[in-house]
*Asks:* 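Okay, here's the structure, questions in a sec.
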Amino acid sequence: MCGIIAYIGQKPAHEILIRGLHRLEYRGYDSSGLTVMDKNKINTLRAVGKVDNLSEKVNDSWESKPAKEATSGIAHTRWATHGLPTEENAHPHTDNSGKISLVHNGIIENYQQLRSKLESKGYKFYSETDSEVLCNLISELYNEDIEEAVVQALKMVEGTYGIALVCSDEPERLIAARRGSPIIIGLGEKETIVASDVSALVQYTKQVIYLNDNDIVTINRDEGVTEIFDITKTHVSREVEEVDWDLGSAEKGGYEHYMLKEIFEQPEAITNTFRGRLNLDEGTAILSGLNLTPKKIVEINRVLIFACGTSLHASMLGQYFFEDYAQLPSNVNHAAEFRYRNPIVEKHTLALAISQSGETADTLAAVREAKRKGADVWGLCNVVGSTIARETERGIYLHAGPEISVASTKAFTTQVMVLLQMALKFGRCHRLSRSEGVKLCQHIESTPELIREMLKEAENIKKIALKYKDYDNCFYIGRGYMYPVALEGALKLKEISYIHAEGYHAAELKHGPIALLEESVPVIALANDVDGKDKIIGNVEECKARKSPVILTATKGDEEVKSLSDDIIWIPEASAPIAAILTTVALQLYSYYVAVARGCDVDQPRNLAKSVTVE
Ligand code: F6R
């Protein structure tokens, strides 16, 4: 989704802005632009496509110009919502007077009405965007005080925004504001960096302020953040927080792609989810973030989980864990449906929002809906300080480190791990015995080593991927714990390789999709030696009878299934929940190698965004 970076300080702004835009590239975008403030003059450049195109323009157009020495500015990566990805629609937008330049994430819902009103006053629009409307609205209300004009304009808009803007009449100031779209202020030495994402500013400072919804901030070049206030101009105080990861975590570290790096980071990421959180003597999880007594846990009589995409697949595993280990009724909901259905939230229902970014619009809306209906709402997020993390009453961080690749990998496996620990903790307050709890703790602890073993299969998986790279359709089938894994495997393949891949419950094949099976449609069957294996073998026979090539995932040493497959990916022996994680890792590698072989842009697949902050 769109990204913002803005700077005011002593250094050449364009360098910091371009570097910041590169850091935001992973979020997905189709054009970019920047404005620098050279004394009292706004200089804007915009380009369609990659940030490198913009960078080239900067070098060509501003060679030895004062713009290159300007020490404040704003920049943006745009993911098209209103209007095509063209240069006119790219940000920053400038108002008709040429004084104000603005970048905007989010959607102004009443922009059509505002635009008509402004047009009737003679304003001209050069783009199809809602953002240009906001820029001119601020301009219309401007009367020698840009801060006041922003406050008045934001009172009139409906929808969501994260904005940063500069005004040539007040070149020593930079203004930012948020409602529904994150804005973070990085406090450096004699410089301030504003960004929509910590990764764009962590290179310069780890001291940050996360703006809350409706916050507006004015930043002066010399004094930095002078005041934060809300839309009624009431002063608000926000804590300065320390970012707990560094630039290295956000770089490729020798890997060809972020996705591959993040796949290989999983042993460490998984370790971080349970470090200090397991009590092996008592066979339970600690999870101090929840701050709950067993008495309170026993009162919970249903878990409603909501999430989107990959996080939804992790949630499905969570549902199985709650049922199996804690005997707790549990339902998984598409967050987008939950918010618009009329969900029943009973007394003692726990609502659990699962989101890597903590910014997904539908998941956030579901959080708010569940709160409105009186549920206790908890969050499982990776991004510290994200909106969902802050709006939920309790929560557990994944501690997976920054996930830069658009395709989610380590967030999924860490979500599954945290859900397993929750089920363990809840289970120990119900019917799960100490010895069963101890066993589960041991399984959890063994996971990082088993993933390392799994990763050693990378070369074999690559060979299989190269054999199947040219097939344009594919099915993934699984049962039990392997069913959500099949869905996740298919999602990963389609999003990065653009192969049409469908994940199905193996039993559902016969209810329609089997009509599509033929020689040109391979089936990836998850036939690990866990519950459901016997049945899936029958399903594999059905696929073979339709001439589909079959790739199996199977437990190492399970020679019985070997003859059924054309190709086989061996998964280390493990208990069912851990086998689900290991198999996911294998399928992540498979998708990765197929996508690379097809020449796809693995880290930034077409049309996709890292955090989906619009509905
Ligand atoms: C797929 C992927 C998406 C996200 C989904 C939810 O690889 O990354 O499906 O899982 O957009 O995002 P979060 O977890 O940030 O709420």
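Heads up: numbering here begins at 1 and tracks the sequence. For ligands, and for the atoms within them, numbers begin at 1 and follow the listed sequence. Remember, it's a predicted structure, so these values are computed and weren't measured experimentally.
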*Asks:* Under a 4.0 Å heavy-atom cut-off, which residues neighbour ligand 1?
*Replies:* Cys308, Gly309, Thr310, Ser311, Ser355, Gln356, Ser357, Thr360, Val406, Ala407, Ser408, Lys492, Glu495
*Asks:* Within the side chain of Glu403, is there an N or O that forms a donor-acceptor pair under 3.5 Å with the backbone of Thr409?
*Replies:* yes
*Asks:* Taking Glu391's backbone N and O only, do any of them form a donor-acceptor pair with Lys371's side chain (distance below 3.5 Å, no angle check)?
*Replies:* yes
*Asks:* Taking only residues two or more places apart in sequence or in another chain, which ones pass salt bridge (Lys or Arg N to Asp or Glu O under 4.0 Å) with Glu262?
*Replies:* none
*Asks:* Does NZ or CZ of Arg178 come closer than 6.0 Å to the centre of the six-membered ring of Tyr161, within 45° of the ring's axis?
*Replies:* no
*Asks:* Tell me which pairs pass ring pair (Phe, Tyr, Trp, His ring centres under 6.0 Å) where either residue lies in residues 578-615, with sequence neighbours left out.
*Replies:* His257-Tyr592
*Asks:* Under the ring-ring contact (aromatic ring centres under 6.0 Å, His included) rule, collect the residues that match up with Tyr204, sequence neighbours excluded.
*Replies:* none
